[in-house]
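Here is the structure we will look at, set down as structure tokens.
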Amino acid sequence: MTSNSNDVAFSILFSSVGMLSLALSVILNTISVVTLFKVCFRKLGVERRRDHEVEMMVQLLGIMIIATVCWAPLFIFIFNKIAMDLPNNIKQGKHLIICIRIATWNQILDPWVYILFRRSVLRKFNPSLRSRPSISSLYPTMNASYSRRFTQGSVTTS
């Protein structure tokens, strides 16, 4: 990084907006996870399925952790570089390259959070997360009406 005032201003803007968005993301995702946790484990008289809420909580936590781990080192490095007004040297250049590489891992790892933390994969680790029954199995009268509607005689055309 150079000591040009435009470069310094852009670096401060980039890292401060990045840290602000990262902090805001952590706060809002934490609120979402706490809300989902309250909904999921609320004591009601009716037993209901919780697998969808658990899946969303795990995915939100995974995305939040990955984003923080990937982007925070770059933002902190930029802040430190500007605040300490360190001279450019090869060691810092290598450190900057490492921080940029870690930041790019975020785009690689985000899709894997959705792939690996699906209910089907989570069920392998926690068998109590069974699949939800279909809507027609919840209402037996609906099943009967479907079977009456779609008999062989009603499906064939004249």
Side-chain angles (χ1 to χ4, degrees), residues 1-4 6-44 46-86 88-139 142-143 146 150:
M1 283 189 253
T2 63
S3 59
N4 183 356
N6 289 337
D7 292 342
V8 171
F10 179 72
S11 298
I12 290 172
L13 180 66
F14 174 75
S15 56
S16 60
V17 168
M19 286 298 276
L20 179 67
S21 64
L22 195 61
L24 191 61
S25 172
V26 167
I27 290 168
L28 294 176
N29 282 339
T30 302
I31 291 170
S32 297
V33 168
V34 168
T35 303
L36 283 169
F37 189 80
K38 287 179 181 178
V39 167
C40 185
F41 295 105
R42 183 180 298 153
K43 297 291 183 188
L44 295 175
V46 178
E47 182 66 27
R48 54 185 225 87
R49 305 293 313 169
R50 296 183 176 109
D51 54 348
H52 186 67
E53 289 85 3
V54 171
E55 178 185 12
M56 287 192 319
M57 284 190 288
V58 170
Q59 286 179 348
L60 280 173
L61 288 171
I63 292 294
M64 188 171 52
I65 290 168
I66 287 173
T68 304
V69 168
C70 290
W71 282 104
L74 180 63
F75 298 142
I76 291 169
F77 176 80
I78 293 171
F79 272 131
N80 284 342
K81 174 76 170 109
I82 293 168
M84 295 181 189
D85 196 27
L86 299 172
N88 292 331
N89 61 26
I90 293 174
K91 185 177 179 184
Q92 282 188 343
K94 288 182 181 180
H95 188 71
L96 177 63
I97 296 295
I98 290 170
C99 288
I100 291 172
R101 286 180 181 163
I102 292 172
T104 60
W105 290 350
N106 184 54
Q107 288 79 6
I108 296 167
L109 295 176
D110 275 348
W112 284 102
V113 170
Y114 294 109
I115 292 168
L116 294 175
F117 295 139
R118 290 186 325 253
R119 275 178 275 180
S120 60
V121 176
L122 290 175
R123 247 183 266 127
K124 291 181 181 177
F125 295 106
N126 187 0
S128 67
L129 295 173
R130 295 180 307 261
S131 60
R132 290 184 179 191
S134 69
I135 188 78
S136 61
S137 67
L138 294 174
Y139 300 101
M142 187 183 285
N143 272 345
Y146 280 142
F150 299 116

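In this chain, numbering begins with 1 at the start of the sequence shown. Computed from a prediction, not measured in an experiment: that's the story for all the values here.
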Minimum-distance pair of heavy atoms, taken over all atoms of [X] and [Y]:
| X | Y | result |
| --- | --- | --- |
| Ile78 | Ser11 | CG2-O, 3.6 Å |
| Leu36 | Met57 | CB-CG, 3.6 Å |
| Ser32 | Leu60 | CB-CD1, 3.7 Å |
| Asn106 | Cys70 | N-SG, 3.6 Å |
| Pro73 | Thr68 | CD-O, 4.1 Å |

Mind checking the [atom1]-[atom2] spacing from [X] to [Y]? Nearest 0.5 Å is all I need.
| X | Y | atom1 | atom2 | answer |
| --- | --- | --- | --- | --- |
| Leu74 | Phe79 | CG | CZ | 11.0 Å |
| Cys99 | Gln92 | SG | CD | 10.5 Å |
| Phe75 | Asn80 | CZ | CG | 14.0 Å |
| Ile100 | Phe77 | CD1 | CZ | 8.5 Å |

message: Given Val26, which partner from the list Thr30, Leu28, Asn29 fulfils the side chain to side chain contact (heavy atoms under 4.5 Å, CB included) test?
response: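 The passing option is Thr30.
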
query: Is a side-chain donor or acceptor of Ser25 paired with a backbone partner of Ser21 at a separation under 3.5 angstrom?
result: no

Could you pull out every donor-acceptor pair under 3.5 Å between side chains of residues 107-114 and any protein atom, sequence neighbours left out?
none

Sub-4.5 Å side-chain heavy-atom contact between Trp71 and Met19: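 Contact flag for Trp71/Met19 side chains = no.
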
